[in-house]
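Here the structure is laid out as structure tokens; the discussion comes afterwards.
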Protein chains: 2
Amino acid sequence: MESELQVFQDYIRRRDLRRTRERERILQEVFEIHGHFDVDGLYLQLKQKGVKVSKASIYRALPLFIDCGLVREVEFSEGHWHYEHIYGHSHHNHLRCLGCGEIQEFENQFLNCLEEQLAREYGYYIQNHHLQVQGFCPACRQAAGLPAASNFLKKVDNEQ
Amino acid sequence: MESELQVFQDYIRRRDLRRTRERERILQEVFEIHGHFDVDGLYLQLKQKGVKVSKASIYRALPLFIDCGLVREVEFSEGHWHYEHIYGHSHHNHLRCLGCGEIQEFENQFLNCLEEQLAREYGYYIQNHHLQVQGFCPACRQAAGLPAASNFLKKVDNEQ
DNA sequence: GCTACTATAGCAAATGAATCTCATTAAAGA
DNA sequence: TCTTTAATGAGATTCATTTGCTATAGTAGC
Ligand SMILES: [Mn+2]
Ligand SMILES: [Mn+2]
Ligand SMILES: [Zn+2]
Ligand SMILES: [Zn+2]
């Protein structure tokens with residue numbers, strides 16, 4: 001498989017943009033981050049390593065990475081966007097703990113069924129989806145005295 | 001069923017806050033809006049009706065409405081949040097057209113299966129989920145020459 | 001109703017993520 | 001090397017949202 005750098009360079013050529021040290025250094029840093037990141041974190045991480053890039057360059061580079069499919073916006077929280085690199089990763093969604101903030105990544109075949117059904121039912125061409133599930137992880141769940149079930153199941157039980 | 005006003009007043013009492021004309025007028029306006037809205041739209045709509053409320057009050061009221069389950073954040077786009085009232089509506093997700101911006105609301109039982117599976121697999125207590133599906137509506141799809149299928153199906157077809 | 005207490009509204013000022021400006025730098029192609 | 005022009009960096013700007021301040025209004029007790 002092509003490296004993310006090659007993907008980016010192909011994109012740069014295709015779009016008639018210029019290869020620059022800054023963009024490629026930012027890209028490298030993005031792919032060294034495991035998990036999610038935000039602009040400020042990325043900036044500080046580069047700074048700590050002695051890399052001199054301005055925030056403006058980061059803000060300008062991210063849309064390019066997103067456009068060529070290397071990075072995606074994950075969520076808007078704490079008043080700003082969070083991102084993750086996605087090249088070489090299978091598509092996944094996020095299960096977030098409302099207690100400790102832990103993020104569990106998961107894949108699920110039900111979403112393919114759902115996409116098919118939406119395409120059939122509404123005549124849409126489905127491009128992608130963005131799903132975030134919220135709940136409490138085993139530790140936080142027990143600390144809060146909640147059962148090991150979904151809110152949905154609990155409701156169904158109550159109705160019986 | 002209780003009215004949204006009653007739900008809010010109960011909440012106000014529970015939290016030891018004070019009933020005010022402004023909050024209740026904003027709430028009324030929110031429930032007169034069919035579809036999604038943003039702070040600016042809500043503010044202008046009130047202004048046009050001659051209702052004098054400041055934006056600060058709207059910004060301070062919305063978190064209360066959200067906290068008592070009457071309103072939810074729908075999406076962050078165009079640099080700011082969009083909301084919708086949810087009390088008395090069944091839970092739904094959004095299918096958004098990337099061409100014209102049309103939003104189709106849908107419910108789907110696959111998501112219940114998914115929640116159950118996540119609860120079982122990861123031991124989480126699932127509270128809720130937020131799903132947005134993006135694609136092209138029939139009109140925009142045809143204008144763009146796209147097939148009536150999901151990106152996923154297209155990929156599967158290519159691999160065969 | 002009157003009073004005391006204090007949460008809230010309104011306004012203006014502050015905040016901060018994201019974008020823009022513009023002088024300077026440096027790719028890329030000849 | 002030289003020319004052209006896209007990209008960078010630093011600071012200014014924008015604009016949604018938050019916050020501080022003070023007058024006002026909701027509420028409980030009389
Ligand atoms: Mn992830
Ligand atoms: Mn909706
Ligand atoms: Zn947790
Ligand atoms: Zn459309």
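Just so it is clear: chains get the letters A, B, ... in the order the sequence lines come, proteins before strands, and each one is counted from 1.
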Practice prompt. Would you indicate whether the side-chain heavy atoms of B:L64 and B:R23 approach each other to under 4.5 Å?
Written response: yes

Discussion item. Do the side chains of A:E32 and A:K49 get close enough for a salt bridge, i.e. N-O under 4.0 angstrom?
Written reply: yes

Worksheet entry | Distance, rounded to the nearest Å, where A:I26 contributes CD1 and D:dA7 contributes P | 13 Å

Discussion item. Quick check on side-chain contact (heavy atoms from CB on, under 4.5 Å): which of A:E75, A:H89, A:E105, A:H34 does A:E84 satisfy it with?
Written reply: A:E105

Discussion item. I need the residues from residues 38-68 of chain A with at least one non-hydrogen atom less than 4.0 Å from DNA chain C; give them sorted by number, or say none.
Written reply: A:A56, A:Y59, A:R60

Worksheet item: Are A:W81 and A:L62 in one and the same hydrophobic cluster, where Ile, Leu, Val, Met, Phe, Trp and Tyr link if side-chain heavy atoms are under 4.5 Å apart?
Response: yes

Worksheet item: CD of A:E78 versus P of D:dT17: gap in Å, rounded?
Response: 16 Å

Worksheet item: Is there a side-chain contact between A:V51 and A:Q45 (heavy atoms, below 4.5 Å)?
Response: no

Distances under 3.5 Å between nitrogen or oxygen atoms of protein and nucleotides 26-30 of chain C:
residue : atom : partner : partner atom : Å
C:dA27  : OP1  : A:R21   : NE           : 3.1
C:dA27  : O3'  : A:R19   : O            : 3.4
C:dA27  : N3   : A:R18   : NH1          : 3.3
C:dA28  : OP1  : A:R19   : N            : 3.0

Worksheet item: Any ion pair linking A:E24 and A:R19 (charged N to carboxylate O, less than 4.0 Å)?
Response: yes

Worksheet item: Which sits closer to the 5' end of DNA chain D, B:F76 or A:R23, going by the nucleotide each is nearest to?
Response: A:R23

Worksheet item: When the ring centroid of A:F8 is compared with that of A:F65, is the distance short of 6.0 Å?
Response: yes

Worksheet item: Among A:Q132, A:Q134, A:H36, whose side-chain hydrogen bond (donor to acceptor under 3.5 Å, both in side chains) with A:H94 holds?
Response: A:H36

Fill in: Atom pair distance, as rounded to whole Å: NE2 in A:H82 and P in C:dA17
10 Å

